[in-house]
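Predicted model only: the values in this text are computed from it and were never measured. In what follows, every chain begins at residue 1, and chains take the letters A, B, ... in the order their sequences are listed.
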Protein chains: 2
Amino acid sequence: MENKKTFNLQMVKRLPLYVNALKKLRASGVEYISTTTLVKEMKLETMLVRKDLAGLGIPGRQKLGYKVNELLIAIDGYLGWNRYGEAFLIGAGALGSALMGYKQLEEYGLNIVAAFDVADSKVGKEIHGKTVLHLSKLPNLAKRMGVRSAILTVPPESAQTVADMLVMAGIRGIWNFSTKELHLPDQVICHNENIAGGLAAFSFKLKEMYDKETKNGQE
Amino acid sequence: MENKKTFNLQMVKRLPLYVNALKKLRASGVEYISTTTLVKEMKLETMLVRKDLAGLGIPGRQKLGYKVNELLIAIDGYLGWNRYGEAFLIGAGALGSALMGYKQLEEYGLNIVAAFDVADSKVGKEIHGKTVLHLSKLPNLAKRMGVRSAILTVPPESAQTVADMLVMAGIRGIWNFSTKELHLPDQVICHNENIAGGLAAFSFKLKEMYDKETKNGQE
DNA sequence: TAGATTGTTAATCGATTAACAATC
DNA sequence: TAGATTGTTAATCGATTAACAATC
């Protein structure tokens, strides 16, 4: 039996867009949705959407479309949401606090069960209804609660040290918001969120636009 | 004269990684850096780095490598940093507040000059040293200050309405953190930051890892 | 039936990797 | 000189788009 190749990270990143649209549709009582009408909300081709949905293994019906609720369940299953949804957050700075207050994370199945920091100014403080604990308490708590995912929002200098400690504490997945690339053992997965990269892309597009205009103006 | 195709959005997103490493090197007095030593910090191939640097138009010297300072200047120029660096932020919720306190944005040349919201609970409040203004004041201020970039961190429901208003106020670039795809006129650029997509990718990797383990355990 | 829509296979496009020539 | 490193061209890989067959 071959592993038929089904992963496509770009597709995975699009799934939340579908979830948003589908939830809204479900809330307004729509039962079936065709790709033709679904894409009106987003800048995607019907073809791409169909391919993505095919990847989920959910069939549509000609003329009718796809069953909204079935799709939502399939996406949840495909992403493993509501299964590994408990995570620790390390680094209660600006970004960390934001994620603690970011309601949509919970909606997408990720629940921050505790936050940690080392700075005296932060430990003990309450942020968005959760008390920040000292990082030294993490290993015990991880064992007791069985938490195996972590969100890393510490400054780049301490990212690797903290990551090493997380691995020792049995953490198996790190969502890394620090700008530092982490060195991790094979059995631990990591996903880097590169916000600086996003800013670079934004800046570049801006520059391109202004440059083009200047050029056109001169001709 | 042809436009020789030089854009590669993936490459653009990698540039901040180089900036980080290069700034650290410059601070410690290093003048020349080879790709071989540069990649030790990150999980990239020397080949890819060389290609990226070639895209900047900066030549290296065999045996020696690239001039650290020259590269930093070239990247700044390539991204247009320090040129279009003033931006408004709209939506002083959790994520918006975080970006206001995110020091690295300034380091990368983006300066949030004012923040806006419509909620009474937020207008007038001071966040990270800046007072939140009522959204209705944006158009005038944009004109007076000549600000043409905006960071959008409002809830999805209001994203399009606010975006329309921004366009009317002369905003030419939107860094969109709302999960909503925006419909904008051609002369306005937009870059979507899809954090939910990042979470999906993280979840997917986690699930894949656990699934693989379970399967191996059963064999 | 005709039209709309799914779903699959092939073609294209873009980005990365490999190979290797150039050179200090 | 030999070795290290840049830089370019070709090959590969992955993702998207196009074409079109299947079908309700």
Side-chain angles (χ1 to χ4, degrees), chain A residues 2-15 17-18 22 25 30-68 70-71 74 78 181 192 194 197 200-201 204-205 208, chain B residues 2-15 17-18 22 25 30-68 70-71 74 78 181 192 194 197 200-201 204-205 208:
Chain A
E2 304 288 311
N3 349 347
K4 74 169 166 176
K5 176 182 63 177
T6 337
F7 91 93
N8 170 340
L9 212 55
Q10 302 310 308
M11 175 270 226
V12 169
K13 286 182 184 170
R14 279 190 296 270
L15 294 180
L17 301 179
Y18 302 147
L22 291 168
L25 287 163
V30 177
E31 234 187 309
Y32 284 90
I33 182 78
S34 73
T35 53
T36 330
T37 55
L38 189 58
V39 291
K40 280 182 191 147
E41 287 282 300
M42 23 204 160
K43 280 181 193 147
L44 296 173
E45 296 299 317
T46 58
M47 216 137 272
L48 188 57
V49 177
R50 269 207 306 281
K51 200 129 209 203
D52 287 350
L53 300 189
L56 297 171
I58 294 293
R61 301 199 204 161
Q62 279 93 342
K63 286 271 286 184
L64 252 182
Y66 300 81
K67 209 165 184 187
V68 171
E70 212 170 54
L71 280 181
Y78 192 77
E181 188 80 31
N192 295 314
N194 181 11
F204 183 75
K205 286 181 182 176
E208 264 205 319
Chain B
E2 305 289 311
N3 347 348
K4 74 170 166 174
K5 176 183 64 181
T6 337
F7 92 91
N8 171 339
L9 212 57
Q10 302 310 309
M11 174 269 227
V12 169
K13 285 182 184 171
R14 280 191 294 271
L15 293 179
L17 301 178
Y18 302 146
L22 291 167
L25 287 162
V30 176
E31 233 186 309
Y32 284 90
I33 184 76
S34 73
T35 53
T36 330
T37 55
L38 188 58
V39 290
K40 280 182 189 147
E41 287 282 300
M42 22 204 160
K43 280 181 194 147
L44 296 174
E45 296 299 317
T46 59
M47 217 136 272
L48 188 56
V49 177
R50 270 206 305 281
K51 201 130 210 202
D52 288 348
L53 300 189
L56 297 172
I58 294 293
R61 300 197 204 163
Q62 280 93 341
K63 284 271 289 185
L64 252 181
Y66 300 79
K67 209 167 184 184
V68 171
E70 215 170 49
L71 280 182
Y78 191 78
E181 189 80 31
N192 294 314
N194 180 9
F204 183 74
K205 286 180 183 177
E208 263 205 319

*Intra- and inter-strand pairs of DNA chain C in dot-bracket (Watson-Crick or G-U wobble, both distances under 3.5 Å; | for another strand)*: ..||||||||||||||||||||||

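Proximity note for A:Met47 (side chain, C-beta onward) versus D:dA18, D:dG7, D:dT6: the nearest is D:dA18. Candidate nucleotides C:dT17, D:dT16, C:dG7 were compared by shortest atom distance to the side chain of A:Asn8, and D:dT16 ranks first. Side chain of B:Lys51, nearest nucleotide from C:dA19, C:dG7, D:dA10: D:dA10.
Atom pair A:Glu45:CD and C:dC13:P shows a separation of 15 Å (rounding to whole Å applied). One atom, OH of A:Tyr32, and another, C1' of D:dC24, lie 13 Å apart when rounded to the nearest Å. Counting to the nearest Å, the P atom of D:dA4 and the CD1 atom of B:Ile33 are 17 Å from each other. To the nearest angstrom, P of D:dG7 lies 10 Å from CG of B:Leu71. A:Leu9 has its CG atom 16 Å from the P atom of C:dA15, to the nearest Å. Between the C1' atom of C:dT16 and the NZ atom of B:Lys13 lies a distance of 16 Å, rounded to the nearest Å. Between the C1' atom of C:dG14 and the CD atom of A:Gln10 lies a distance of 12 Å, rounded to the nearest Å. Atom CG in A:Leu53 sits about 12 Å away from atom P in C:dT8, given to the nearest Å.
In this structure B:Thr37 satisfies the side-chain hydrogen bond (donor to acceptor under 3.5 Å, both in side chains) test together with B:Ser34, sequence neighbours excluded. In this view, A:Asn192 and A:Asn176, A:Glu181 satisfy the side-chain hydrogen bond (donor to acceptor under 3.5 Å, both in side chains) rule, not counting sequence neighbours. Qualifying side-chain hydrogen bond (donor to acceptor under 3.5 Å, both in side chains) partners for A:Lys205, counting only residues two or more places apart in sequence or in other chains: B:His191. Remark: A:Gln10 pairs with A:Asn8, A:Arg14 by the side-chain contact (heavy atoms from CB on, under 4.5 Å) rule, at least two apart or across chains. Looking at residues two or more places apart in sequence or on another chain, you find no side-chain hydrogen bond (donor to acceptor under 3.5 Å, both in side chains) involving B:Asn194.
Among the protein residues, B:Thr36 comes within range of the sugar-phosphate backbone only, with heavy atoms under 4.0 Å from sugar or phosphate atoms but none that close to a base. Within the nucleic acid shown, B:Leu38 has no heavy atom closer than 4.0 Å to any nucleic acid atom.
Contact between the side-chain N/O atoms of A:Thr35 and the OP1/OP2 oxygens of C:dT5 is not found at any separation under 4.0 Å. An OP1 or OP2 oxygen of C:dT16 is reached within less than 4.0 angstrom by a side-chain nitrogen or oxygen of B:Arg14. Proximity of A:Arg50 to the phosphate of C:dT6: a side-chain N or O atom is located under 4.0 Å from OP1 or OP2.
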*Checking side chain to side chain contact (heavy atoms under 4.5 Å, CB included) for the pair B:Tyr78/B:Met11: CA distance, chi angles, key distance, verdict?*
CA-CA 11 Å; B:Tyr78 191 78; B:Met11 174 269 227; 3.9 Å; yes

*Test B:Tyr66 against B:Leu53 for side chain to side chain contact (heavy atoms under 4.5 Å, CB included), laying out the working first.*
CA-CA 9 Å; B:Tyr66 300 79; B:Leu53 300 189; 3.8 Å; yes

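At a threshold of 4.5 Å between non-hydrogen side-chain atoms, the residues B:Tyr18 and B:Leu71 do not count as touching.
Within residues 58-67 of chain A, the residues having any heavy atom closer than 4.0 Å to DNA chain C are, in order of number, A:Pro59, A:Gly60, A:Arg61, A:Gln62, A:Lys63, A:Gly65, A:Tyr66.
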Can I get a per-line list of side-chain donor-acceptor pairs under 3.5 Å for residues 57-64 of chain A, giving both atom names and the distance, sequence neighbours left out?
from, atom 1, to, atom 2, distance (Å)
A:Arg61, NH2, A:Tyr32, OH, 3.2

Under 3.5 Å, side-chain donor or acceptor atoms of residues 43-51 of chain A against the rest of the protein: list the pairs with distances, not counting sequence neighbours.
from, atom 1, to, atom 2, distance (Å)
A:Lys43, NZ, B:Leu182, O, 2.7
A:Arg50, NH1, A:Thr35, OG1, 3.3

